[in-house]
Amino acid sequence: MCTVCGCGQGETKIEGGHEHAHAQGGFSYAPRHAHHHHHGAHAPGLAPARMVQIERDILAKNDAYAGANRELWRERGLFAINLVSSPGSGKTTLLVETIDRLAGRHPLAVIEGDQQTSNDAERIRATGAQAIQVNTGKGCHLNAHMVGHAFERLDLPRGGLLLIENVGNLVCPAEFDLGEAHKVVILSVTEGEDKPLKYPNMFAASDLMLLTKTDLLPHLAFDAAKCIEYARRINPKIGVMRVSAKSGEGMDGWLGWLEDGLTAVRGN
């Protein structure tokens with residue numbers, strides 16, 4: 001619970017808007033989720049049954065907002081993906097390279113999630129793409145309500161690509177549906193190959209794993225084959241691509257995957 005970790009004490013801010021500590025429809029999207037510490041979680045003054053009920057209520061409200069996002073994006077023929085990873089995986093660098101390579105081919109926009117600063121959104125905007133930053137304060141993930149409000153500030157034409165870069169965290173973002181078509185988990189070769197086993201919920205929730213920074217493999221002891229085997233042990237259906245924004249390895253496959261998604265959405 002947030003009373004344990006303190007993440008509920010922060011305030012969400014979306015660029016171009018006011019601070020969002022208010023409630024809408026009885027639900028504030030300030031990050032105050034139950035924090036999934038099932039293993040011995042505790043919150044002074046709260047019985048375990050009450051904690052479970054609070055968690056269920058919050059996730060149910062998030063799912064309602066996610067459903068509204070999904071319906072809106074479906075009506076507009078948008079392909080939305082949610083990029084999740086630990087900090088330092090190279091998400092923003094990969095996004096910049098992706099946007100550069102897609103330049104002029106498809107309309108796109110980015111929603112950036114971080115606890116503080118607008119550094120990542122500024123890097124995206126330097127490419128010429130639309131981007132809006134959501135700062136979650138002490139919150140450790142984006143939720144569907146804050147993403148919905150951020151989307152209101154974007155001007156993304158029908159048939160476009162919506163890229164959501166979640167807060168760097170391999171735990172909580174796994175639990176929160178944003179209305180996206182797919183979660184894509186990004187794992188760099190500078191991390192441990194056993195991350196899929198350590199954070200199984202994230203890999204179980206994702207449809208694709210991008211193994212990034214592969215240009216560094218000759219200099220590391222990282223066992224890529226073992227990492228992929230671990231990921232498929234958790235999720236046998238997960239797709240895997242090895243990519244490097246620096247060398248360009250795998251970028252054509254990654255862009256092809258995005259374009260296949262755009263084609264499928266536009267055909268519906």
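A quick note: this is a predicted structure, and the numbers were derived from the prediction, not measured.
By the rule that hydrophobic residues join a cluster once side-chain heavy atoms approach within less than 4.5 Å of another member, Ile238 and Leu208 end up as members of separate clusters. If you chain together hydrophobic residues whose side chains sit under 4.5 Å apart, Val240 and Leu210 never meet in one group. At a threshold of 4.5 Å between side-chain heavy atoms, the hydrophobic network of Ile, Leu, Val, Met, Phe, Trp and Tyr places Leu94 and Leu163 in one connected group.
Of the residues listed (Ser89, Pro196, Ser206, Ser85), the one engaging Leu187 in a side chain to side chain contact (heavy atoms under 4.5 Å, CB included) is Pro196, and it is the only one. For the side chain to side chain contact (heavy atoms under 4.5 Å, CB included) with Leu83, the lone residue among Val184, Val110, Thr92, Thr98 that qualifies is Val184.
Judged by distance alone, the side chain of Arg123 and the main-chain N or O of Asn119 form no donor-acceptor pair under 3.5 Å. Remark: the backbone N or O of Leu154 is not paired with any side-chain donor or acceptor of Gln130 at under 3.5 angstrom. Of the possible polar contacts, none joining the Asp177 side chain to the Asn62 backbone as a donor-acceptor pair under 3.5 Å is found. For Arg266 (side chain) and Gly159 (main-chain N/O), a donor-acceptor pair under 3.5 Å exists by modelled atom type. Formation of a donor-acceptor pair under 3.5 Å by the Asn69 side chain with backbone atoms of Ala144 is found in this model. A donor-acceptor pair is defined here as one N or O able to donate and one able to accept, closer than 3.5 Å; no such pair exists between the side chain of Glu175 and the backbone of Cys172. Between the side chain of Thr127 and the main chain of Ile124, a donor-acceptor pair closer than 3.5 Å is present. Using a distance-only test at 3.5 Å, with no hydrogens or angles considered, a donor-acceptor pair links the side chain of Asn169 to the main chain of Cys140. The backbone N or O of Ala225 lies less than 3.5 Å from a partner atom in the side chain of Asp223, making a donor-acceptor pair. Of the possible polar contacts, none joining the Asp114 side chain to the Thr117 backbone as a donor-acceptor pair under 3.5 Å is found.
In this pair, Trp254 and Trp257 present their aromatic rings parallel. The plane angle is below 30°, not in the 30 to 60° band.
A centroid separation of 6.0 Å or more is found between the aromatic rings of Phe79 and Trp73.
Scanning both residues, Tyr65 and His145, for their nearest heavy atoms gives OH-CE1, 3.6 Å. Leu170 and Met202 make their closest contact through O-CB, 3.5 Å (heavy atoms, listed as atom of the first residue, atom of the second, distance).
Between the side chains of Arg242 and Thr212, no donor-acceptor pair of N or O atoms lies under 3.5 Å. Looking only at atom types and distance, the side chain of Thr214 has a donor-acceptor partner in the side chain of Glu249 under 3.5 Å away. Side chains of Asp215 and Ser247: a donor-acceptor N/O pair is absent below 3.5 angstrom, by distance only.
A salt bridge is absent between Glu193 and Lys198: the closest approach of a Lys/Arg side-chain nitrogen to an acidic carboxylate oxygen does not fall below 4.0 angstrom. Ion pair Glu259/Arg105 flagged as a salt bridge, since at least one NZ, NE, NH1 or NH2 atom sits closer than 4.0 Å to an Asp/Glu carboxylate oxygen. In this structure, Lys91 does not pair ionically with Asp120, as no charged nitrogen and carboxylate oxygen lie closer than 4.0 Å. Taking 4.0 Å as the cut-off between side-chain N and carboxylate O, Arg232 and Glu229 do not count as a salt-bridged pair.
Taken from CG in Asn201 to CD1 in Ile234, the straight-line distance is 9.0 Å, to the nearest 0.5 Å. Summarising the geometry, atom CD belonging to Glu180 is positioned 9.5 Å from atom NE2 belonging to His182; distances are rounded to the nearest 0.5 Å.
Proximity of Glu165 to Val84: side-chain heavy atoms (C-beta onward) are nowhere separated by under 4.5 Å.
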Next item on the list: Check step by step if side-chain contact (heavy atoms from CB on, under 4.5 Å) holds for Ile14 and Ile132.
Entry: CA-CA 7 Å; Ile14 301 174; Ile132 189 163; 3.7 Å; yes
Checklist line | Chi angles and distances behind the side-chain contact (heavy atoms from CB on, under 4.5 Å) call for Leu178, Asn166 | finding: CA-CA 10 Å; Leu178 305 181; Asn166 217 313; 3.9 Å; yes
Checklist line | Derivation of the salt bridge (charged side-chain N to carboxylate O under 4.0 Å, His left out) call for Arg125 and Glu15 | finding: CA-CA 13 Å; Arg125 286 193 283 262; Glu15 283 181 327; 3.0 Å; yes
Next item on the list: Evaluate the side-chain contact (heavy atoms from CB on, under 4.5 Å) criterion for residues Asp252 and Arg101: first the C-alpha distance (whole Å), next the side-chain angles of each, then the deciding distance (0.1 Å), finally the verdict.
Entry: CA-CA 9 Å; Asp252 287 344; Arg101 289 173 179 250; 4.1 Å; yes
